[in-house]
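So that the names make sense, note that chain A is the first sequence line, chain B the second, and so on, each numbered from 1.
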Amino acid sequence: MPTTAPSRVPTEVLHHRINAWFQREARDLPWRHDCSAWGILVSEIMLQQTPVVRVQPVWEAWMERWPTPADFAAAPAAEVLRAWGRLGYPRRALRLHAAATEILQKYDGAVPNTYTELLALPGVGTYTAAAVAAFAYGQRTTVVDTNIRRVHARLVIGQALPAPALTAAEMTLAAQLLPEDRDKSVLWNASVMELGALICTARSPKCEQCPVFEQCAWIAAGQPEPTYIPKGQPWAGTDRQVRGAVMAVLRAASSPIHADLLWDAQAAQLHLEVTAELAKLHQLNTHAPQLERALAGLVVDGLAQLSPAGYQLPA
DNA sequence: AAATCGTGGCG
DNA sequence: TCGCCAAGATT
């Protein structure tokens, strides 16, 4: 029995039009040319919730410094976190470090090439495992990221936005849309992602430039508004903001930072090396319990270490 | 399974 | 200006 068609539009038409658009308009990103599986993995981890434009320069420096998992696994955690810089979510850097260690020990330094093995690596979830299998090893995997989810929601379902959380139905749909041919499936995954990133964007999509405007269910439905209100990401006044400010201090410091400096603006002025970062932390006017909570959290997460001399990045 | 976890650019 | 959002993962 043939499965129910996802839409009245033949998938072949979508494949052809979106793939052709990609081959014409795709961005020239460094990890798309002659890139090792390690380079692909690094890019995918960095791109988790961080825009391409911010990742690119860091990725290039990273690959020059640590061309292989073995090179990277040998680096001290503090250097890893400094190299990560301001990409955000620094725990990703630590997980990548742990992944490199595992790659060295279990896979003799070669990034594994199966979805299941990739999925078992620290910091690698369903999206990243599928993406590395596809883009590093040319495998036919169902890649579903925020861009692809949005394109599918509009193009096929006719809704402004995908559901708040990834659903089984979305995975089924994505699997149905995936070309049977291996090479075409790899191209399709990259193409739809790129379409979501450049044309079918979350805010003010460029529908007039879209290669599948005529096939779009959302357009056909009259571009209905979202059926729910995306919940915002609180920031000002949160522990996350404090953690970020503390991490900036620790990254800039070459020696342990005594806890007093994190509190006392007067004492902080004497510590020229981290004056700017401490100033930002002090500007937050964080209460004692919150700073304590943030520091404890950083230590628990392995992002900071406490010794009698003060806080510092992990060795 | 809802909450948590950074950062900065842009509409 | 300020809220939204970005190639998610983890617990």
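Near DNA chain B, defined here as any heavy-atom distance below 4.0 Å, the residues from residues 78-99 of chain A are A:R86, A:L87, A:G88, A:Y89, A:P90, A:R91, listed numerically. Of the residues in residues 45-70 of chain A, those placing a heavy atom less than 4.0 Å from an atom of DNA chain B are A:Q49, A:T50, A:R54, in numerical order.
No continuous path of hydrophobic side-chain contacts links A:L166 to A:I148 [ILVMFWY only; heavy atoms under 4.5 Å]. Two different hydrophobic clusters hold A:V80 and A:V246 under the rule that ILVMFWY side chains link at heavy-atom gaps under 4.5 Å. Tracing side-chain contacts under 4.5 Å through hydrophobic residues (I, L, V, M, F, W, Y), one reaches A:Y311 starting from A:L278; they form part of the same cluster. Residues A:M193 and A:M46 share a single hydrophobic cluster, defined by chaining ILVMFWY side chains whose heavy atoms lie under 4.5 Å apart.
Across B:dT4 and C:dA7, the matching P atoms stand 24 Å from one another, rounded to whole Å.
When the P atom of B:dT7 is taken as reference, atom CE of A:M247 falls 8 Å away, rounded to whole Å. Rounding to whole angstrom units, CD of residue A:Q241 and P of B:dT4 are separated by 15 Å.
Contact annotation for A:R293: no contact, since no heavy-atom pair falls under 4.0 Å across all strands. Contact annotation for A:S43: no contact, since no heavy-atom pair falls under 4.0 Å across all strands. Among the atoms of the strands shown, base atoms are found under 4.0 Å from some heavy atom of A:L29. If you check every strand for non-hydrogen atoms under 4.0 Å, A:R32 touches a base. Across all strands, A:T238 comes closer than 4.0 Å to no nucleic acid atom at all (heavy-atom distances). Contacts of A:A202 with the nucleic acid, taken as non-hydrogen atoms under 4.0 Å apart, involve only primed sugar atoms and P, OP1 or OP2.
With hydrogens and angles ignored, no donor-acceptor pair closer than 3.5 Å exists between the side chain of A:R203 and the base of B:dG11.
Once you apply a 4.0 Å limit to the heavy atoms of chain A, the touched nucleotides of DNA chain C run 5' to 3' over C:dG3 to C:dT10.
A salt bridge between A:E79 and A:R82 is present, with a side-chain N of the basic residue lying under 4.0 Å from a carboxylate O of the acidic one.
Ring-plane geometry between A:W38 and A:F72 is classed as tilted, the angle between the planes lying from 30 to 60 degrees on a 0 to 90 degree scale.
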